[in-house]
Amino acid sequence: TFVANNLLSAYVRCKRLQDARRVFDGLVKKDVVSWNVMIGGYAQQNHASDVMELFHKMCRDNVEADAITYFSVLKACVSPTALKWGEEVHARIRHAGIESDVRVGTALLKMYATCGSIKQARQAFDKLTNRDVFSWNVMIGAYVKTGSMDDARLVFDRMGKRDVISWTVMIGGYAESGLGEKAYELFPEMKREGLRPDAATFMSILNACASVGALEWVKAVHGHSLEVGLESDMRVSNALIHTYAKCGSLGDARLVFDNMGQRDVVSWTGMIGGLAHHGYGHEALEAFRNMIGEGVKPDEKSFVAVLAACSHAGLLDDGRQLFLSMTQDYGMKPDVFVCNCMVDMLGRAGYLEEAMQFISDMPVKAD
RNA sequence: CUUCGUGGUGCUAU
């Protein structure tokens, strides 16, 4: 069984779930690890119904699930419709007597939050007697997700030892709720507690700057990022490009962009979006072509950015060509955002019939 | 022998 489990996990690691399943179904002796590997594979690929199907089969075979099984199964409950599954799994966890395990309890709390049941999430939190920093952070994040920043703050203030993630979640929550000032206030407080902001913290605080449009804040935050040695962190640089452009300084965005040693599709898309936002449609299109010239592969989001640029600049023919290139050269299926851009572009240019035709040919449902 | 519980960056309509 050890050998078979290793084979299984090799397939799963290569994301060859159908092969893994064939091996799994052929096993005469399955232990809990075999089940965990298979269920974990489905969970990772977000095949929720396969996870549940296998989990139920496991229960029918009288194999006792352990904490690892439950982590995977709970991970599959990710929507309000999956709440029923989650509750059923919760009942089994209670029955197995591992509800008080802090990791299991935190996973339950997270599951309820993800399924949109903040009340049950809070109940799970209150039931935990041995909370650790993860549990607190997940509870804060649950409130942040519902936009209840006051509740998030109450939990945050009650917390004993807060870590970088606690602060980052709060900062990101305030930024997302449009409370940029509150987010920005937390930044120095965090440092006063002796915590060092990491890349995620910077991305959250930059979000706050972008929502307020405060260029001076961006410059200050940029300076701090250099102080803590994040000057060559691509994620922070990408966020800086976007935020500088949003706050009106295309020049600073360009400066960050030009000084990067490596640029990925996010860096380029940030720059393209910034150029387009400032009315430089031709330059945005040129940047898109330069990106391809440098061997960076465009994705759906970069196509949306450049198509929007074409739309606003009235570059109808270029836009149509890009659309063809996207489907033919890159084999991408136009998503709802791409289709919106195309319809917007055609409509703006006065080609209403072609726009209507495009809508009826769309592979995605119109809204 | 198992992938075992938290946070973060780009696009459209806006």
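Quick caveat, the model's predicted, so the values are computed rather than measured.
- Within the 4.0 angstrom heavy-atom criterion, only backbone atoms of the sugar-phosphate kind lie near A/Ala107; the bases stay farther away.
- In this structure, CG on A/Leu108 lies 8.5 Å from NZ on A/Lys127, to the nearest 0.5 angstrom.
- Rounded to whole Å, the distance from CZ on A/Phe202 to C1' on B/U9 is 14 Å.
- Cation-pi geometry between A/Arg131 and A/Trp136 is met: the NZ or CZ atom falls under 6.0 Å from the ring centre, inside 45° of the normal.
- Annotation: cation-pi geometry not satisfied between A/Arg153 and A/Tyr143 (NZ/CZ under 6.0 angstrom from ring centroid, within 45° of ring axis).
- Nearest to the side-chain atoms of A/Ile165 among the listed nucleotides B/U6, B/C11, B/G8 stands B/U6.
- The cationic atom of A/Arg263 (NZ for Lys, CZ for Arg) lies less than 6.0 Å from the six-membered ring centre of A/Phe257 and within 45° of the ring axis.
- For RNA chain B, the residues of residues 47-80 of chain A within the heavy-atom distance limit of 4.0 Å (strictly under) are A/Ile68, A/Phe71, sorted by number.
- When heavy atoms are screened at a 4.0 angstrom cut-off, A/Val102 is found touching base atoms of the nucleic acid.
- Remark: A/Asn36 is not in phosphate contact with B/C4, judged by side-chain N or O atoms under 4.0 Å from OP1 or OP2.
- At the heavy-atom level, A/Asn6 lies under 4.0 Å from the strands shown only through sugar-phosphate atoms.
- What separates CD1 of A/Ile39 from P of B/C1 is a distance of 20 Å, to the nearest Å.
- To the nearest 0.5 Å, atoms CG (A/Asn6) and OG1 (A/Thr1) are separated by 11.0 Å.
- As judged by a 4.0 angstrom heavy-atom cut-off over every strand, A/Ser204 is placed among residues touching the sugar-phosphate backbone only.
- Side chain of A/Ser135, nearest nucleotide from B/G7, B/C11, B/G5: B/G5.
- A straight line from CG of A/Leu307 to C1' of B/C11 spans 10 Å, rounded to a whole angstrom.
- The nearest whole Å value for the distance from the CG atom in A/Asn238 to the C1' atom in B/C11 is 14 Å.
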Intermediate values then yes/no, salt bridge (Lys or Arg N to Asp or Glu O under 4.0 Å), A/Asp318 and A/Arg289: CA-CA 11 Å; A/Asp318 291 300; A/Arg289 292 184 173 137; 3.3 Å; yes
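- B/U9 atom P lies 7 Å from atom CE of A/Met203, rounded to whole Å.
- For A/Val169, the listed nucleotide lying nearest its side chain is B/G7; candidates were B/U6, B/G7, B/U2.
- With hydrogens and angles ignored, a donor-acceptor pair closer than 3.5 Å exists between the side chain of A/Asp299 and the base of B/G10.
- RNA chain B lies under 4.0 Å from at least one heavy atom of each of the following residues of residues 257-291 of chain A: A/Val265, A/Val266, A/Thr269, A/Gly270.
- For the pair A/Asp335 CG and B/A13 C1', the computed distance is 13 Å after rounding to whole Å.
- Nearest nucleotide to the A/Phe2 side chain, out of B/U6, B/G7, B/C1: B/C1.
- Here A/Lys246 lies in heavy-atom contact (under 4.0 Å) with sugar-phosphate atoms only.
- Within 4.0 Å of A/Asp101, counting heavy atoms only, lies no atom of the nucleic acid at all.
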Pair A/Lys301-A/Asp299, salt bridge (Lys or Arg N to Asp or Glu O under 4.0 Å): steps then yes or no: CA-CA 6 Å; A/Lys301 290 185 179 192; A/Asp299 63 5; over 6 Å; no
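- For the pair A/Leu206 CG and B/U9 C1', the interatomic distance rounds to 9 Å; values are reported in whole Å.
- The heavy-atom pair separating A/Trp35 from A/Leu54 by the smallest distance is CZ3-O, 3.4 Å.
- One N or O donor and one acceptor, one from the side chain of A/Lys301 and one from the base of B/G10, sit under 3.5 Å apart.
- OP1 and OP2 of B/U9 both lie 4.0 Å or more from every side-chain N or O belonging to A/His242.
- Contacts of A/Ser237 with the nucleic acid, taken as non-hydrogen atoms under 4.0 Å apart, are absent.
- A/Arg348 places its CZ atom 11 Å from the P atom of B/U12, with the value rounded to the nearest Å.
- Using cut-offs of 30° and 60° for the angle between ring planes, the A/Trp217 and A/Tyr184 rings count as parallel.
- Relative to the side chain of A/Asn340, the nucleotides B/G5, B/U12, B/G10 differ in distance, and B/U12 lies closest.
- In this structure, A/Lys30 satisfies the cation-pi test against A/Phe24, with its NZ or CZ atom closer than 6.0 Å to the six-membered ring centre and inside 45 degrees of the ring normal.
- Counting heavy atoms of neighbouring residues, nucleotides and ligands inside a 6.0 Å radius, atom CG of A/Asn259 exceeds 12 of them.
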